[in-house]
4 protein chains.
Amino acid sequence: MEFSNNNSIYLQIADRLCEQILSEEISGEDRIPSVREFAADIQVNPNTVMRTYGLLQDQGILYNKRGIGYFVSEKAKQIVMKTKKEEFIQESLPELFKMMDLLNIDFNELENIYQTSVKHQN
Amino acid sequence: MEFSNNNSIYLQIADRLCEQILSEEISGEDRIPSVREFAADIQVNPNTVMRTYGLLQDQGILYNKRGIGYFVSEKAKQIVMKTKKEEFIQESLPELFKMMDLLNIDFNELENIYQTSVKHQN
Amino acid sequence: MEFSNNNSIYLQIADRLCEQILSEEISGEDRIPSVREFAADIQVNPNTVMRTYGLLQDQGILYNKRGIGYFVSEKAKQIVMKTKKEEFIQESLPELFKMMDLLNIDFNELENIYQTSVKHQN
Amino acid sequence: MEFSNNNSIYLQIADRLCEQILSEEISGEDRIPSVREFAADIQVNPNTVMRTYGLLQDQGILYNKRGIGYFVSEKAKQIVMKTKKEEFIQESLPELFKMMDLLNIDFNELENIYQTSVKHQN
DNA sequence: GTGGTCTAGACCACC
DNA sequence: GTGGTCTAGACCACA
């Protein structure tokens, strides 16, 4: 796994897990890899993974069975959905719209780019 | 001037100057405040302002007349426009579309939010 | 390490690192000393070393692994070579030839000085 | 007149005057423009020109007749020649040869470039 | 441990 | 007055 330099690694890992939960690649009650295993897998310091798991646990997205491992909680998708949506609407979008204004990009142009990008996904 | 904690101060200052260039509050060949003056103005250490000015100079947005001060370069707006637009299209937009996909937000919904936010600006 | 007064310290450090890269004392993927370590080593403030590392990172000569340290990038030698060679041919040489002209030094004389200086290196 | 950012302006002016003396564009006992006149001519602060004249006066290249102006001294060319030649051989050349070594440029290559540049002057 | 940022204060060359 | 550099020391997030 590759990491950008803008964001801290443990947050990038968290984001990736959240995406997998949203897209249901992993879902309620699945066991996720152990800290060490995951760390080895993505070539990262175990402390870093620990930090990710801790964060997601605090948010109720993961839970821990002592001695066994970490699991995706039943409400995980719901929580992630809510959190991300709030963040998206209240933080990302306003910034985005402001940028569009400064760059003189109107909504039609945005729609064009969107249609194009959707086609490319097929 | 107030600063958020997510981003370093010197970058926030840079962003602010770029916005002023885009909105033509300051434009080609204008002299901008001296390092010390600006620093006092926004209650920040001169070194921090120096860092901002240096960064923008490296990007060709500002230039320096020795012993006189910093000036907005003729092509400043053009450079800022290009840089920010690339960043927007290659980084912000893909993330936006990905997020819309994951959060099940379709384009109509986005447009609604956009229209609302535009109204609020007036 | 000793520093001349003509040039700023952080640039002299950068030059030294570049020379070591050219002469392959340090090469692709090597880790270089941490900011603090290097600073202590050459008796200079950490900020000054930080500035050097930052500069070389901007040029693609160094890169950073978060929390681990700075490394010489794979293409470092290539980049340094290209940069320095351009600088040499487009700036140093024209000045050299102009100076030779003004000082009435012909090419044979230059060659003599060169041969002498080469001998002294052995 | 345009100035580079690497060197202080007053030194660039001094260099230019020295070149004109070496090439005999201006020579022994010529009167050179007054500080104000020259400053206006090259669009520079009079203090800066003052500094140049002062420097060259200290080196015996210019002399001043009070109330009349600055003049090129009789031995000007001789002095400039000696000073520049020493500087050239003891400072510029060693640095140049070191660079050639690091960049793997041998003397033949240098000669080729020289021949080419000489042709282009004709 | 690593880098990154910021402050405070100093000194210098230069215009 | 201007920028430019450097030091000392602090604090923080991160691996």
Side-chain angles (χ1 to χ4, degrees), chain A residues 3 5-13 35 39 42-52 54-55, chain B residues 3 5-13 31-40 42-55 57 62-71, chain C residues 3 5-13 31-40 42-55 57 62-71, chain D residues 3 5-13 35 39 42-52 54-55:
Chain A
F3 300 99
N5 288 316
N6 307 322
N7 224 344
S8 39
I9 294 181
Y10 84 102
L11 287 179
Q12 293 181 54
I13 301 173
V35 171
I42 60 180
Q43 306 207 42
V44 139
N45 190 303
N47 288 328
T48 306
V49 174
M50 192 60 229
R51 203 161 175 172
T52 303
L55 174 69
Chain B
F3 300 101
N5 290 317
N6 306 324
N7 223 347
S8 33
I9 295 182
Y10 81 100
L11 287 179
Q12 293 181 52
I13 302 174
R31 181 173 182 275
I32 58 177
S34 81
V35 172
R36 288 168 177 71
E37 198 183 339
F38 199 21
I42 60 181
Q43 307 209 41
V44 136
N45 189 288
N47 284 326
T48 304
V49 173
M50 189 65 228
R51 199 167 173 181
T52 302
Y53 284 9
L55 174 69
Q57 185 177 33
L62 300 182
Y63 68 96
N64 175 260
K65 287 188 192 168
R66 312 180 58 140
I68 302 182
Y70 277 91
F71 295 77
Chain C
F3 300 101
N5 290 319
N6 306 324
N7 223 347
S8 33
I9 294 182
Y10 81 99
L11 287 179
Q12 293 181 53
I13 301 174
R31 180 172 182 275
I32 58 176
S34 81
V35 173
R36 288 167 178 71
E37 197 182 342
F38 198 22
I42 60 181
Q43 307 209 42
V44 137
N45 189 289
N47 284 326
T48 305
V49 173
M50 189 66 227
R51 199 167 174 180
T52 302
Y53 284 8
L55 174 69
Q57 185 177 34
L62 300 182
Y63 69 95
N64 176 259
K65 287 188 192 169
R66 312 179 58 141
I68 302 182
Y70 277 92
F71 295 78
Chain D
F3 300 99
N5 288 317
N6 308 322
N7 224 345
S8 37
I9 294 181
Y10 83 100
L11 287 179
Q12 293 181 54
I13 301 174
V35 171
I42 60 180
Q43 307 208 42
V44 139
N45 190 303
N47 288 326
T48 306
V49 173
M50 193 59 229
R51 203 161 173 173
T52 303
L55 173 70

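The figures that follow rest on heavy atoms only: side chains count, while hydrogens, waters and symmetry mates do not. Every chain is numbered from 1, with letters handed out A, B, ... down the list of sequences.
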*Asks:* Given side chains that start at C-beta, do those of Tyr53(C) and Ser34(C) come closer than 4.5 Å, heavy atoms only?
*Replies:*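 The answer is no, as the side chains (C-beta and beyond) never meet within the 4.5 Å cut-off.
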*Asks:* Let me know the distance between NZ of Lys65(B) and P of dG4(F), rounded to the nearest Å.
*Replies:*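 Value for this atom pair: 15 Å.
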*Asks:* When you measure from the side-chain N and O atoms of Arg51(B) to the phosphate of dT5(E), is any distance below 4.0 Å, counting only OP1 and OP2?
*Replies:*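 Answer yes for this pair, as a side-chain N or O of Arg51(B) is under 4.0 Å from OP1 or OP2.
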*Asks:* Do any side-chain nitrogens or oxygens of Ser8(D) fall under 4.0 Å of OP1 or OP2 in dA13(E)?
*Replies:*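 False: Ser8(D) side-chain N/O out of range (4.0 Å or more) of dA13(E) OP1/OP2.
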*Asks:* So does Arg66(C) get a side-chain nitrogen or oxygen closer than 4.0 Å to the phosphate oxygens (OP1/OP2) of dG3(E)?
*Replies:*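 It does not, given that no N or O in the side chain of Arg66(C) lies less than 4.0 Å from OP1 or OP2 of dG3(E).
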*Asks:* Distance check needed: dC14(E) C1' versus Asn64(B) CG, whole Å only.
*Replies:*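 Distance check: Asn64(B) CG to dC14(E) C1' gives 11 Å.
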*Asks:* Between the side chain of Arg66(B) and the main-chain N/O of Asn5(D), is any donor-acceptor distance below 3.5 Å?
*Replies:*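 Answer holds: yes.
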*Asks:* Distance check needed: dT2(E) C1' versus Phe71(C) CZ, whole Å only.
*Replies:*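 Interatomic distance, CZ of Phe71(C) to C1' of dT2(E): 10 Å.
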*Asks:* Atom CD1 in Ile13(B), atom OG1 in Thr48(B): separation rounded to 0.5 Å?
*Replies:*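 Reported to 0.5 Å precision, the distance equals 6.5 Å.
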*Asks:* Nearest of dG9(F), dT2(F), dG3(E) to any side-chain atom of Val35(C)?
*Replies:*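 Of all the options, the side chain of Val35(C) is nearest to dG3(E).
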*Asks:* Determine: side-chain N/O of Tyr10(A) to OP1/OP2 of dC14(F), distance under 4.0 Å, yes or no.
*Replies:*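 Yes, such a contact exists.
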*Asks:* Check the distance between dA13(F)'s C1' and Ile13(A)'s CD1 and give it to me in whole angstrom.
*Replies:*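 It is 15 Å, rounded to the nearest whole Å.
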*Asks:* Nearest 0.5 Å, what's the CD1-CD distance between Ile32(B) and Glu37(B)?
*Replies:*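 The CD1 atom of Ile32(B) sits 10.5 Å away from the CD atom of Glu37(B).
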*Asks:* Please map the stems of DNA chain F, keeping only stretches of three or more Watson-Crick or G-U wobble pairs with both distances under 3.5 angstrom.
*Replies:*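 Only these stems qualify: E:1-14 with F:1-14.
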*Asks:* If you assign Gln12(B) and Pro33(C) each to the DNA chain E nucleotide with the nearest heavy atom, which residue ends up on the more 5' nucleotide?
*Replies:*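 Going by which nucleotide is closer to the 5' end, it is Pro33(C).
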*Asks:* Is any side-chain heavy atom of Leu11(A) closer than 4.5 Å to a side-chain heavy atom of Leu55(A)?
*Replies:*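 Yes - at least one pair of side-chain heavy atoms lies under 4.5 Å apart.
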*Asks:* Quick check: does any side chain N or O of Arg51(A) sit under 3.5 Å from a backbone N or O of Ile9(A), one acting as donor and the other as acceptor?
*Replies:*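 Here the side-chain-to-backbone pair does not exist.
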*Asks:* Tell me the interatomic distance from Asn47(C), atom CG, to dG9(F), atom C1', rounded to whole angstroms.
*Replies:*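 To the nearest whole Å, that distance equals 9 Å.
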*Asks:* Does Phe3(D) reach the side chain of Gln43(D), with side-chain heavy atoms less than 4.5 Å apart?
*Replies:*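 A side-chain contact is absent here, since even the closest heavy-atom pair is not under 4.5 Å.
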*Asks:* Return whichever of Leu11(C) or Leu11(A) has its heavy-atom-nearest nucleotide of DNA chain F closer to the 5' end.
*Replies:*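 Looking at the nearest nucleotide for each, Leu11(C) comes out on the 5' side.
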*Asks:* Give Tyr53(B) one of three labels, base, sugar-phosphate or nothing, depending on what nucleic acid heavy atoms sit under 4.0 Å from its own.
*Replies:*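 Result for Tyr53(B) = nothing.
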*Asks:* May I ask you to verify whether the side chain of Asn5(C) and the base of dC12(E) hold a donor-acceptor pair under 3.5 Å?
*Replies:*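 No pair found.
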*Asks:* Does Thr52(A) use its side chain to pair, donor to acceptor, with the backbone of Tyr10(A) at less than 3.5 Å?
*Replies:*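 Yes, because the side chain of Thr52(A) sits within donor-acceptor range (under 3.5 Å) of the backbone of Tyr10(A).
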*Asks:* Reading DNA chain E from 5' onward, which residue's closest nucleotide shows up sooner: Arg36(C) or Arg36(B)?
*Replies:*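 Taking each residue's closest nucleotide, the earlier one in sequence belongs to Arg36(C).
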*Asks:* Roughly how many Å is it from CD in Glu37(C) to C1' in dG3(E), rounded to a whole number?
*Replies:*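 Rounded to the whole Å, the gap is 14 Å.
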*Asks:* Between the base of dC14(F) and the side chain of Asn7(A), is there a donor-acceptor distance below 3.5 Å?
*Replies:*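 Check fails, no donor-acceptor contact within cut-off.
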*Asks:* Tell me: CZ of Phe3(B) to C1' of dG4(E), nearest whole Å?
*Replies:*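 Atom-to-atom, Phe3(B) to dG4(E), this comes out as 17 Å.
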*Asks:* Relative to the 5' end of DNA chain F, which residue comes earlier, Thr48(A) or Met50(B), by the nucleotide with the nearest heavy atom?
*Replies:*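 Its nearest nucleotide lies further toward 5', so the answer is Met50(B).
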*Asks:* So, OP1 or OP2 of dG3(F): does either fall under 4.0 Å of a side-chain N or O from Tyr70(B)?
*Replies:*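 Checking Tyr70(B) against dG3(F): no side-chain N or O falls below 4.0 Å of OP1 or OP2.
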*Asks:* Between dA10(E) atom P and Asn45(C) atom CG, what is the distance in whole Å?
*Replies:*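 Checked: the CG to P distance equals 16 Å.
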